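Values below: all heavy atoms of this structure, side chains included; hydrogens, waters and symmetry mates excluded. All residue numbers refer to positions in the sequence shown, counting from 1. Treat the numbers as computed from the prediction; the structure is a model and nothing was measured.
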Amino acid sequence: MAIVENTTKKKLEAGQMAIAFSVVHWRMANVAGIAKECGYDWLFIDMEHNTMDVDAAVQISVAALPTGITPIVRVPAHEHFHATRVLDGGAQGVVVPHVNTVEQARQVVENCKYPPIGHRSLTAPMPQLGFRTMPVADAIEALNRNTLVVAMLETPQAVDNADVIAAVEGIDALLIGTNDLAAEMGIPGQFGHARVEAAYAAMIAATRKHGKFAGMGGVYDHALMEKFIRMGVRLLLGGGDVAFMMAAARTRSDFLKSLKL
């Protein structure tokens, strides 16, 4: 098995959009193949807002690697082991929540990237390298190149600091957590509000200035999704496992109950 390239990062570098299937309640490794068949580019494997453990996140990540869909884990917090354990196990990236300051962004990079960019400790063998034994310098280069590090902006403070956070070497993308940001602004659920739009404009400007990628989470209204995508969002969440299942199940039950017997 050859080195597994990060297909999502390649799409972003080519200026394309990369859409995530959020894994929130699912625990089976087959979700990778299902998401791929449904046209998604990456898995947003969520360890922050549920009970998913490291083993489940890693099993899903390893299953995703041969499919070409990129396994990216939202880690629960900022401790170095939150990120390194899933990255060592097979994830090709992390989304780190609640990054409010440039100091926090630098620490994220310290945890997630190998020298000379960060200070992550090297282990082997690794599924992202096809379990190959490689010269250390080659392994570090391949892993740094294929690891996507995403900082979530979820407060007005984070948005105010978007420019300095985006400037940090090793941060690849900024992603607004729209639910939390709107709540912190005192306008919960008002994703079309002018202040939310201004936050997206600021984040997108920062990512363009520093050659990074702009991300979006929590927005699923089609008109708003299109609006923010046309503004410059390229890394986005398309929806989650239970939400998709419930929408399809509700459509089917509504149809069946509508039949006149």
Side-chain angles (χ1 to χ4, degrees), residues 8-9 11-12 15-22 24 40-49 70 72-78 93-105 108-109 112 148-168 170-240 243:
T8 289
K9 195 171 183 182
K11 289 194 75 168
L12 294 171
Q16 300 174 27
M17 188 165 56
I19 309 166
F21 184 108
S22 296
V24 183
Y40 291 84
D41 302 299
W42 57 288
L43 296 180
F44 179 84
I45 303 168
D46 193 354
M47 291 186 68
E48 183 187 14
H49 286 307
T70 310
I72 298 176
V73 177
R74 174 161 69 175
V75 296
H78 291 205
V94 290
V95 176
V96 181
H98 311 294
V99 178
N100 292 312
T101 67
V102 67
E103 292 80 14
Q104 289 174 333
V108 168
V109 174
C112 297
L148 189 73
V149 177
V150 183
M152 286 194 76
L153 311 184
E154 303 177 82
T155 65
Q157 180 191 17
V159 173
D160 289 343
N161 288 326
D163 184 74
V164 290
I165 292 172
V168 174
I171 294 291
D172 299 298
L174 307 184
L175 188 150
I176 287 181
T178 319
N179 260 313
D180 282 348
L181 178 61
E184 292 280 350
M185 288 178 164
I187 48 173
Q190 298 182 49
F191 300 158
H193 196 283
R195 292 173 64 196
V196 174
E197 181 177 343
Y200 270 96
M203 182 265 292
I204 291 164
T207 56
R208 284 176 171 161
K209 176 181 176 181
H210 297 288
K212 308 299 173 70
F213 310 115
M216 174 174 70
V219 177
Y220 302 113
D221 175 83
H222 285 187
L224 278 178
M225 292 179 89
E226 181 176 0
K227 180 177 186 176
F228 293 135
I229 289 166
R230 298 212 179 277
M231 286 173 63
V233 164
R234 292 294 177 267
L235 183 74
L236 64 145
L237 278 58

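- Partners of D172 under the salt bridge (Lys or Arg N to Asp or Glu O under 4.0 Å) rule, at least two apart in sequence or in another chain, are K9, K113.
- A salt bridge (Lys or Arg N to Asp or Glu O under 4.0 Å) check over residues 186-200, counting only residues at least two apart or in different chains, returns the pairs E197-K227.
- Residues passing the side chain to side chain donor-acceptor pair (under 3.5 Å) test with N161: none are found, sequence neighbours excluded.
- With sequence neighbours excluded, no residue forms a side chain to side chain donor-acceptor pair (under 3.5 Å) with H78.
- In this structure, R74 contributes its side chain and V96 its backbone to no donor-acceptor pair below 3.5 Å.
- The distance from atom CD1 of I229 to atom NE2 of H222, rounded to the nearest 0.5 Å, is 9.5 Å.
- Within the 4.5 Å cutoff, no side-chain heavy atoms of L174 are placed close to those of M152.
- With sequence neighbours left out, Q104 forms a side chain to side chain donor-acceptor pair (under 3.5 Å) with no residue at all.
- To the nearest 0.5 angstrom, Y40 atom OH is 10.0 Å from L237 atom CG.
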Show me the donor-acceptor pairs within less than 3.5 Å that the side chains of residues 178-191 make with the rest of the protein, sequence neighbours left out.
residue : atom : partner : partner atom : Å
T178    : OG1  : Y200    : OH           : 2.6
T178    : OG1  : G217    : O            : 2.6

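- Not counting sequence neighbours, the partners of E226 by the salt bridge (Lys or Arg N to Asp or Glu O under 4.0 Å) test are R230.
- Sorted by first and then second residue, the salt bridge (Lys or Arg N to Asp or Glu O under 4.0 Å) pairs involving residues 209-219 (not counting sequence neighbours) are D163-K209.
- In terms of the side-chain contact (heavy atoms from CB on, under 4.5 Å) criterion, residue partners of A18 (sequence neighbours excluded) are, by chain and number, T8, L12, D41, W42, L235.
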